[in-house]
Amino acid sequence: MPITTKKKFKSELLNILNERGFIHQTTNGDAIDKYFNSNEVIGYIGFDLTAKSLHVGSLLQIMLLKWLQEYNYKPIVLMGGGTTLIGDPSGKDESRKILDQNNIMMNQDGIFKVFKKFLNFDDKKIIIENNLDWLRDLNYITFLRDFGKHFTINRMLSFDSVKLRLDREQPLSFLEFNYMILQAYDFWELKKRHDCRLQLGGSDQWGNIINGIELIRRVDRSEAYGITTPLVTTSSGSKMGKTADGAIWLDEDLTNPHEFWQFWRNTDDKDVIRFIKLFTTLPMNEIQKLESLQGSELNEAKKILANEVTKNTHGNDIADLVHKSALETFEQKIISEKLPIFELNKKDCIDSIGLLALLVKVGFSKSNSDARKSILNGAIRINDHTISDPSLELSKSDISKLKLSFGKKKHILLNLGL
RNA sequence: GGAGGGGUGCCCGAGUGGUUAAAGGGGACGGGCUGUAAACCCGUUGGCUUAGCCUACGUUGGUUCAAAUCCAACCCCCUCCA
């Protein structure tokens, strides 16, 4: 049975993780505590390679790995090159589309880039693995005989990821059904290769983690451990990091650092302190000071959150620039030179460009119709003046250093490029 | 293989020949109020050269002046039976 962890640990790191809200469930708390105290902890988290990079939704897991390194334990990043070929049904109410190997390889590169930003890649500090290396060559019969015998269908059917699909009368293919077995096998394989005895993951991974632990117990008669993190939702109940524009990515090419900073700055009051604990490494005594903030004072905490996370993700210089740009734009209400600059291609503006086309070009609108509606809604401003005429033409000489705004929060400076 | 049920916009879901670009809700976005918050109120939510036109209700054909709605075939999903 899952044990919800409230009590104090002997291990300092576990205490910190607990205090900061990283721990949702642990397998046998005492044993984990002992493990953390007496061994070189090697813990792994698996990452799907379903997208070209990682977004804010994965940040919690990355922070966990960071904390492990902080305490001189060794994290393993497991790239799911093999399992992504199958697709994890956990938490999904319908099948994922199946990716081909080429895409997966490209995704891996993008995702790797993110880890480089957050984690220490010095020798011996981290291990990167890809489960394709061992899953690719599995022999079906051998695998079934050696490992399949340890799994009962009865038990597999009892997992939430399976039940959800069955209850909703949605299909769960045999392919996906096998995912949990392969993830259990991954754990066993990492234990064999690196003596890794700890798997971390989101709360939706609990079942998969338990499977791995049991597999290790049955095959090797040895002990392994699991910790899950809470599913981080905003107080309005939605998953972290998803907006209408798509996810908030941890890659500056996919999500502009200005937008990234704004995402954190706009955190709901009720979430700020929780997020600072989870997504920054600010010491707890400083966080405690922030906890007493009330009402609009919380805006200070939000800025700290935004600054800290942006620093970790994009570096000090960029965080600084973006912060200043926000201060100028939102507090001093001046046209900040530090806003993101959109270079308009010269051939898109021979003599002039229509506002509708421009809005689509810079990515504020998805179509001319959409742009037209936004204008009618009063969403568009140029140099802080609301524009109401959809047929507005901007001449070439107007363009330079024009501030174009969509809503209250999206601002860019236009510049005519080459 | 047999019997029944079903496939509608980002999601849920109504609609069974014309008044349907498709009710209602959710989500999202914009505006107002505020603290770049929450709550609340208002608006928008297929595309275009926007008083008009075009494309859309699993796919392809058909009936009809007119189809998401009727017919046929096919594809997919669910339940029960073999």
Side-chain angles (χ1 to χ4, degrees), chain A residues 89 91-95 97-98 162-176 233-248 258-276 290 293-307 310 322-334 336 338-340 353-357 359-360 362-382 384-393 403-412:
Chain A
K92 305 290 175 308
D93 38 19
E94 54 189 72
S95 307
K97 52 177 189 285
I98 294 177
V162 174
K163 272 200 302 200
L164 180 80
R165 288 285 185 85
L166 297 179
D167 290 350
R168 294 199 182 181
E169 302 189 344
Q170 276 156 340
L172 175 72
S173 67
F174 184 64
L175 178 79
E176 292 172 284
T233 52
T234 62
S235 16
S236 47
S238 56
K239 268 193 196 170
M240 275 290 289
K242 298 275 186 177
T243 69
D245 296 337
I248 301 293
H258 290 83
E259 195 188 332
F260 186 80
W261 194 92
Q262 285 300 324
F263 169 79
W264 295 102
R265 172 62 246 266
N266 288 309
T267 300
D268 190 302
D269 282 8
K270 297 197 268 306
D271 294 329
V272 196
I273 299 300
R274 186 163 56 106
F275 284 3
I276 289 179
L290 298 173
L293 295 176
Q294 294 292 321
S296 59
E297 293 172 343
L298 276 169
N299 285 337
E300 289 312 308
K302 291 183 192 180
K303 282 186 227 169
I304 290 170
L305 172 65
N307 281 334
T310 310
V322 170
H323 180 203
K324 283 187 182 135
S325 139
L327 289 180
E328 289 174 0
T329 304
F330 291 98
E331 296 186 13
Q332 298 166 30
K333 300 199 192 299
I334 59 174
S336 170
K338 300 180 184 69
L339 286 173
I353 182 167
L355 182 57
L356 297 179
L359 287 170
V360 174
V362 303
F364 284 170
S365 306
K366 64 180 177 9
S367 67
N368 281 7
S369 294
D370 190 35
R372 194 185 301 272
K373 283 164 192 155
S374 296
I375 292 169
L376 293 175
N377 276 331
I380 308 301
R381 273 164 302 141
I382 289 176
D384 294 333
H385 296 291
T386 305
I387 304 298
S388 55
D389 175 17
S391 62
L392 186 73
E393 285 278 323
K403 178 185 174 189
L404 183 65
S405 309
F406 180 90
K408 292 211 163 42
K409 288 171 192 166
K410 288 183 182 168
H411 309 275
I412 55 168

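Naming convention: chains lettered A, B, ... in sequence-line order (proteins, then strands); numbering from 1 in each chain.
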How many Å lie between CD on A:Gln294 and P on B:rA38, as a whole number?
17 Å
What interatomic distance, in whole Å, is found between P of B:rC57 and the corresponding atom of B:rG9?
10 Å
Send over the distance from A:Lys302 NZ to B:rU34 P, rounded to a whole Å.
16 Å
Distance test, side-chain N/O of A:Arg372 to OP1/OP2 of B:rU50, below 4.0 Å
yes
Under 3.5 Å on both distances, the Watson-Crick or G-U partner of B:rC80:
B:rG2
G-U wobble or Watson-Crick pairing nucleotide for B:rG43 (cut-off 3.5 Å, both distances)
B:rC29
For the pair A:Phe364 and A:Phe406, name the ring-plane relationship: parallel under 30°, tilted 30 to 60°, perpendicular over 60°.
tilted
Touch check for A:Gln262, heavy atoms < 4.0 angstrom, all strands: base, sugar-phosphate only, or nothing?
base
Complementary nucleotide of B:rG35, counting Watson-Crick and G-U pairs under 3.5 Å
none
Given the C1' atoms of B:rA38 and B:rA68, what is the spacing between them in whole Å?
41 Å
Taken to the nearest whole Å, CD1/A:Ile387 to P/B:rG30 is 17 Å
In whole angstroms, how far is the C1' atom of B:rG30 from the CZ atom of A:Phe406?
6 Å
For B:rC33 and B:rA23, measure between their C1' atoms and round to the nearest Å.
31 Å
Could you let me know what B:rA72 is paired to, Watson-Crick or G-U wobble, both distances under 3.5 Å, or none if it's on its own?
B:rU60
Looking at B:rG47, I'd like to know if its phosphate oxygens (OP1 or OP2) sit under 4.0 Å from a side-chain N or O belonging to A:Lys373.
yes
Apply side-chain contact (heavy atoms from CB on, under 4.5 Å) to A:Val272 and A:Leu293, showing your working.
CA-CA 11 Å; A:Val272 196; A:Leu293 295 176; over 6 Å; no
Check whether any side-chain N or O of A:Ser374 sits under 4.0 Å from OP1 or OP2 of B:rU44, and answer yes or no.
no
To the nearest angstrom, how far is A:Phe263 atom CZ from B:rU36 atom C1'?
14 Å
Distance between P atoms of B:rA67 and B:rU59 (Å, rounded)
16 Å
Within this structure, what is the CG-to-P distance between A:Asp271 and B:rU36, rounded to whole angstrom?
18 Å
Return yes if the base of B:rG35 and the side-chain atoms of A:Asn299 contain a donor-acceptor N/O pair under 3.5 Å, otherwise no.
yes
Give A:Lys303 one of three labels, base, sugar-phosphate or nothing, depending on what nucleic acid heavy atoms sit under 4.0 Å from its own.
nothing
Separation between the C1' atoms of B:rG27 and B:rG5, rounded to whole Å:
29 Å
Pairing partner (Watson-Crick or G-U wobble, both distances under 3.5 angstrom) of B:rA22:
none
Provide, to the nearest angstrom, the distance between the CG atom belonging to A:Asp268 and the P atom belonging to B:rU36.
15 Å
How far, in whole Å, is B:rC65 from B:rU60 if one measures between their C1' atoms?
24 Å
In Watson-Crick or G-U wobble terms, with both distances under 3.5 Å, the base opposite B:rU49 is none
Could you tell me whether A:Asp370 and A:Lys373 make a salt bridge, using a distance below 4.0 angstrom between a side-chain N and a carboxylate O?
no
What interatomic distance, in whole Å, is found between C1' of B:rC29 and the corresponding atom of B:rU79?
40 Å
Measure distances between side-chain N and O atoms of A:Asp269 and base N and O atoms of B:rG35, and say whether any donor-acceptor pair falls under 3.5 Å.
yes
Pick the P atom in B:rG61 and in B:rU16, then give their distance to the nearest Å.
27 Å
Whole angstrom is fine here: how far is it from CG in A:Asn368 over to C1' in B:rG47?
10 Å
